[in-house]
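Single-structure report; data block below.
Remember, it's 1-based here, ligands and their atoms both numbered in the order they're listed.
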Amino acid sequence: MGTPLESRGEQAEEVITRLEEAYPDSTISLRYSNRLELLIAVMLSAQCTDERVNKETKHLFEKYDGPEAYAAVSQEELAEDLNSITYYNNKAKYIRSACTTIIEEHDGEVPDTMDELTELSGVGRKTANVVLQHAHDVVEGIVVDTHVQRLSRRLGLTNEEYPEPIEQDLMGIVPEGYWQQFTHLCIDHGRATCTARNPDCADCVLADICPSAKDDSEIDLASGEPW
Ligand code: SF4
């Protein structure tokens with residue numbers, strides 16, 4: 001197997017250095033032009049690809065121009081407008097409810113604290129972190145999506161299984177200035193090379209420091225199962 005650096009902190013820094021070289025333009029791939037659009041795009045992206053969300057929001061953001069429009073539309077109509085997105089019925093419900101709260105409690109503005117954001121329907125810590133980072137320039141934590149979760153475990157940066165404890169581990173070893181970029185780098189590498197089912201370890205810039213690298217390791221540390 002690849003040999004990780006001595007400490008998790010050193011391993012994290014080496015991973016960042018190499019991925020930055022490989023993906024110099026890494027950034028968020030959801031399209032939006034204001035804070036509410038970002039919030040809605042992130043809510044829609046749960047269990048759904050960014051590509052599909054971007055396709056759908058192109059029309060959605062033309063039709064709905066603010067929280068009032070989402071709060072006023074019927075559940076049926078909004079669900080119909082979202083019907084190519086996974087769990088569109090629930091997501092329509094969450095969006096209508098979140099927009100009603102935004103109007104009633106936040107003067108129509110997307111809130112800028114973790115507590116207020118996570119009080120909105122359908123908004124968990126991951127969604128709130130993305131909105132804080134990209135809409136408000138507030139970096140309070142590390143967004144742990146499925147790619148960050150998988151890569152962090154494969155690379156030996158954490159033994160935790162679930163997003164919140166993984167985030168705590170990562171916040172202890174990823175330099176604070178990289179909390180935002182770390183996520184984008186993991187997402188790019190997770191899409192291009194370290195995919196869930198068939199990672200291309202033979203062509204991976206991290207293979208020599210990755211304890212899961214397929215040629216040498218029998219175990220995928222993300223799942224704990226043999227390759
Ligand atoms: S592609 Fe393979 S070597 Fe590279 S990070 Fe993923 S599991 Fe490790």
Can you list the ligand 1 atoms lying under 4.0 Å from a non-hydrogen atom of [X]?
X: Ala207; result: 3 (S)
X: Ala213; result: 3 (S)
X: Pro199; result: 1 (S)

Problem set entry | Note: Glu56-Lys91 ion pair, threshold 4.0 Å (strictly below) |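 Not counted as a salt bridge, because no side-chain N and carboxylate O are separated by less than 4.0 Å.
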For this session: Test side chain to side chain contact (heavy atoms under 4.5 Å, CB included) on Lys126 and Val144 and set out the steps.
Result: CA-CA 6 Å; Lys126 185 184 85 173; Val144 178; 6.0 Å; no
Problem set entry | Asn89 side, atom CG; Glu76 side, atom CD - distance, nearest 0.5 Å |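 Here the interatomic distance stands at 8.5 Å.
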Got the closest protein heavy atom to [atom], with its distance?
atom: atom 2 (Fe) of ligand 1; result: Cys201 SG, 2.3 Å
atom: atom 8 (Fe) of ligand 1; result: Cys210 SG, 2.3 Å
atom: atom 7 (S) of ligand 1; result: Arg154 CD, 3.6 Å

For this session: State which residue, out of Thr127, Ile28, Val110, fulfils the side chain to side chain contact (heavy atoms under 4.5 Å, CB included) condition with Leu38.
Result: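 So the option named by the test is Ile28.
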For this session: Give the minimum heavy-atom separation between Val53 and Ser45, together with the two atoms involved.
Result: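 In terms of heavy atoms, the two residues are closest at CG2-CA, 3.7 Å.
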Problem set entry | atom 4 (Fe) of ligand 1 reached by Cys204 (N, O or S, under 2.8 Å) |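 Looking at Cys204, which is the residue asked about, there is an N, O or S atom under 2.8 Å from atom 4 (Fe) of ligand 1.
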Exercise. Has Cys194 got an N/O/S atom less than 2.8 Å from atom 8 (Fe) of ligand 1?
Worked result: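 No, outside the cut-off.
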Exercise. Taking C-beta and beyond as the side chain, do Ser121 and Lys93 meet within less than 4.5 Å on heavy atoms?
Worked result: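 No, side chains not in contact.
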